[in-house]
Amino acid sequence: MYHSGNELLDPHILFEKGQLQSGMHVADFGCGRTGHILFPAAALIGDQGVLYAVDILKDVLHNVEKRAKMDGLTNIHPVWSNVEFVGKTAIPENSLDVVFIVNVLSHSDNRHGMLEEAKRLLKDKGRLILADWTREGLSIAPPGERFVDFEDMKQWGKLHEFVLQSEFAVGKYHHGVVLYRNK
């Protein structure tokens with residue numbers, strides 16, 4: 001049995017904001033052990049879609065691959081990468097409809113590098129979905145100084161051919177934004 005984590009952050013809110021649909025090409029940066037975004041998204045985009053499970057930890061990717069095979073999901077493709085550095089992720093440039101960066105920015109020391117890598121991979125009219133912690137008080141939340149400055153994320157988007165499409169709460173402890181690539 002896999003813990004979904006939906007009590008803290010409902011991925012279906014993110015899917016709705018990202019307008020996920022059958023046949024899309026999607027990446028989940030920092031997919032993590034549970035595949036909280038990954039596995040429900042794979043079902044939504046279907047067999048005609050492609051979902052890249054991107055993580056820096058090889059054992060995480062091994063577990064994702066094992067679970068995908070067990071669940072008969074052929075549209076999940078594990079990719080080992082440090083997404084903080086532009087050009088390091090083995091996904092074709094300008095090929096993605098949506099990139100999810102969920103609960104990863106708060107762990108990053110190079111947030112803008114991660115956003116640049118997402119931009120490199122997104123198609124024109126693609127969506128960058130950012131969601132991260134906004135409230136302290138849970139033992140699993142990062143320290144307050146690691147919280148994401150969403151104003152900085154929106155400013156970065158404005159400077160890099162993105163428009164703010166949506167800003168929203170994702171449960172009690174998370175905040176999200178959708179940046180729409182409009183070059």
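None of the values given here were measured: they were computed from a predicted structure.
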>> Run the side-chain contact (heavy atoms from CB on, under 4.5 Å) test on E84 and H107 for me, step by step, so that the C-alpha distance in whole Å, both residues' side-chain angles and the decisive distance to 0.1 Å come before the verdict.
In response: CA-CA 11 Å; E84 291 184 326; H107 299 286; over 6 Å; no
>> For a side-chain contact (heavy atoms from CB on, under 4.5 Å) check, start with the C-alpha distance between W133 and N103, then their side-chain angles and the critical distance, and finish with the verdict.
In response: CA-CA 7 Å; W133 294 91; N103 285 343; 3.4 Å; yes
>> So, taking the atom named CZ in F147 and the one named NE2 in H175, what distance separates them when rounded to the nearest 0.5 Å?
In response: 13.0 Å
> Can you check whether V178 reaches F168 side chain to side chain, under 4.5 Å on heavy atoms?
Replying inline: yes
> Under the 3.5 angstrom rule, does the side chain of N182 hit a backbone N or O of V163 as a donor-acceptor pair?
Replying inline: no
> Roughly how far apart are D97 CG and R127 CZ, rounded to 0.5 Å?
Replying inline: 9.0 Å
> Under the 3.5 angstrom rule, does the side chain of R146 hit a backbone N or O of S106 as a donor-acceptor pair?
Replying inline: yes
> Do L20 and F100 touch side chain to side chain, with heavy atoms closer than 4.5 Å?
Replying inline: yes
> Which value, rounded to the nearest 0.5 Å, describes the distance between H112 atom NE2 and Q155 atom CD?
Replying inline: 9.0 Å
>> Closer than 3.5 angstrom, by distance alone: can the side chain of D55 be matched with the main-chain N or O of V60 as a donor-acceptor pair?
In response: no
>> Which heavy atom of A118 sits nearest to which heavy atom of V99, and what is that distance?
In response: CB-CG1, 3.9 Å
> Do I13 and V98 share a hydrophobic cluster, counting only Ile, Leu, Val, Met, Phe, Trp and Tyr and linking them when any side-chain heavy atoms are less than 4.5 Å apart?
Replying inline: yes
> Hey, are H160 and E116 close enough side-chain-wise for a donor-acceptor pair under 3.5 Å?
Replying inline: yes
> Side chains of I91 and V54: closer than 4.5 Å at any heavy-atom pair?
Replying inline: yes
> Where do E117 and T89 land on the side-chain contact (heavy atoms from CB on, under 4.5 Å) test, with the steps shown first?
Replying inline: CA-CA 8 Å; E117 182 67 340; T89 308; 2.7 Å; yes
> So, for A53 and I76, which heavy atoms are closest and what is the spacing to 0.1 Å?
Replying inline: CB-CG2, 4.2 Å
>> Is the shortest side-chain heavy-atom distance between E65 and H77 below 4.5 Å?
In response: no
>> Quick check against the 3.5 Å criterion: does W80 have a side-chain atom that pairs as donor or acceptor with the backbone of K58?
In response: no
> Does K119 make a cation-pi contact with F162, if we ask for NZ or CZ under 6.0 Å from the ring centre and within 45° of the axis?
Replying inline: no
>> To the closest 0.5 Å, what do you measure between NE2 (H12) and CD1 (I37)?
In response: 9.0 Å
>> I'd like to know if V102 and L130 are part of one continuous hydrophobic network [Ile/Leu/Val/Met/Phe/Trp/Tyr, side-chain heavy atoms within less than 4.5 Å].
In response: no
>> If you compare all heavy atoms of T134 against all heavy atoms of F150, which two are closest, and at what distance to 0.1 Å?
In response: CG2-CE1, 4.1 Å
> Is there a path from V50 to I45 through hydrophobic residues (I, L, V, M, F, W, Y) whose side chains come within less than 4.5 Å of each other?
Replying inline: no
>> Quick check: closest heavy atoms across P40 and F15, and the distance to 0.1 Å?
In response: CB-CE1, 3.6 Å
> Out of curiosity, F29 CZ to M114 CE, how far, rounded to the nearest 0.5 Å?
Replying inline: 8.0 Å
> Are V104 and V79 connected in a single hydrophobic cluster, I mean Ile/Leu/Val/Met/Phe/Trp/Tyr linked by side-chain heavy atoms less than 4.5 Å apart?
Replying inline: yes
>> Return the CE to CG distance between M70 and N63, rounded to the nearest 0.5 Å.
In response: 10.0 Å
> For L105, does its backbone N or O pair with a side-chain atom of R111 as donor and acceptor, under 3.5 Å?
Replying inline: yes
>> Any heavy-atom pair between the side chains of I101 and L128 that's under 4.5 Å?
In response: yes
> Any donor-acceptor pair under 3.5 Å linking the side chain of R67 with the backbone of T34?
Replying inline: yes
>> Is the shortest side-chain heavy-atom distance between D124 and N94 below 4.5 Å?
In response: no
> Can you name the closest pair of heavy atoms from S108 and N110 and give their distance?
Replying inline: OG-N, 2.9 Å
> Are the side chains of V64 and C31 in touch, meaning some heavy atoms are under 4.5 Å apart?
Replying inline: yes
> If two hydrophobic side chains count as joined below 4.5 Å and joins carry through other members, does L122 share a cluster with L164?
Replying inline: yes
> Run the side-chain contact (heavy atoms from CB on, under 4.5 Å) check on M153 and V148 step by step: do they pass?
Replying inline: CA-CA 8 Å; M153 299 295 102; V148 174; 3.7 Å; yes
> Can you find a heavy atom in the side chain of Y52 that is under 4.5 Å from one in the side chain of V26?
Replying inline: no
> Closest approach of A41 and L51, non-hydrogen atoms and distance?
Replying inline: CB-CD1, 3.4 Å
